[in-house]
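These notes are about the structure you will find just below.
Throughout, numbering of the chain's residues begins at 1 and tracks the sequence. Remember, it's 1-based here, ligands and their atoms both numbered in the order they're listed.
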Amino acid sequence: MNANKFKKPILWSYYLSSCSWRVRIALNLKKIDYEYKAVDLLKKMGGDQFSEGFSRLNPKQEVPVLFIDNQYLTQSIPIIEYLDETRKDGFRILPEDPVKRAKSRIIAEIINSGVQPYQNANVIKRINNESKEMRIKWLDFYLNKGLNSVEEALKETKGKYCVGNKISIADLCLVPQVYSAKRYKIDLAKYPLINSINLELENLPEFVKANPENQPDALK
Ligand SMILES: N[C@@H](CCC(=O)N[C@@H](CS)C(=O)NCC(=O)O)C(=O)O
């Protein structure tokens with residue numbers, strides 16, 4: 001038996017990182033205890049993600065990175081799927097039903113590849129260097145484009161949560177994305193389904209524990 005299998009998992013995270021937040025919720029739902037290693041993405045003289053040590057962990061210089069089962073895993077969606085596939089006891093994050101599973105992955109993917117990359121720190125920094133006005137227009141366009149397609153998808157899939165009445169990978173992506181949209185001052189009033197599902201989710205204990213404010217590196 002491999003002794004590393006029993007080492008405490010480590011999550012490299014940044015409190016405001018929406019991708020790290022997805023994984024924090026998954027770890028909480030799976031009741032996995034882990035060590036938190038803060039990676040300060042917005043440090044004035046260059047974020048910790050660009051350090052030599054962290055770049056070795058993830059050459060793409062992004063959080064999250066999860067060490068678990070003697071593996072270093074990157075990319076929040078594969079991490080969540082790995083946790084679900086290797087820990088089938090307890091809460092299941094991917095729906096059993098293939099149609100619901102596909103629908104939950106669709107919403108997760110709209111956010112993962114269709115919204116988050118456009119608001120990523122290194123992207124915004126470059127746009128901001130061009131002009132602040134361009135940054136505002138950029139965020140407004142891409143965040144609304146993504147949120148609008150999530151709202152449309154929810155018309156078909158919604159229950160209490162994104163896909164029916166059970167929490168799925170879509171919900172793990174939705175809550176952090178709504179928080180980011182609020183930070184970027186996107187008008188969310190036009191997304192009633194997103195708002196009502198977000199309200200249902202944000203006070204659940206596993207989501208509260210994963211909230212940026214409750215992370216060790218949150219600015220107090
Ligand atoms: N697709 C990746 C994206 C990871 C990512 O973009 N992480 C952001 C924080 S949410 C980051 O570390 N950004 C650092 C930077 O932009 O320099 C995932 O889902 O894990």
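Salt-bridge check for E35 with K7: failed, with every basic side-chain N at 4.0 Å or more from each acidic carboxylate O. A salt bridge between E151 and K155 is absent, with no side-chain N of the basic residue lying under 4.0 Å from a carboxylate O of the acidic one. Ion pairing of D89 with K31 is absent here, as no side-chain N (NZ or NE/NH1/NH2) approaches a carboxylate O to less than 4.0 Å.
Sorted by first and then second residue, the ring-ring contact (aromatic ring centres under 6.0 Å, His included) pairs with a member in residues 153-182 read W21-Y179; sequence neighbours excluded.
Listed by chain and number, S17, S18, C19, R22, L41, Q49, F50, Q61, E62, V63, P64, Q75, S76, N112, Q116, N120, A121, N122 each place a non-hydrogen atom less than 4.0 angstrom from ligand 1.
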*asked:* Would R22 and I77 count as a side chain to side chain contact (heavy atoms under 4.5 Å, CB included) here? Give the steps.
replied: CA-CA 8 Å; R22 298 169 191 164; I77 301 294; 4.3 Å; yes
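A donor-acceptor contact closer than 3.5 angstrom links the side chains of D217 and Y36.
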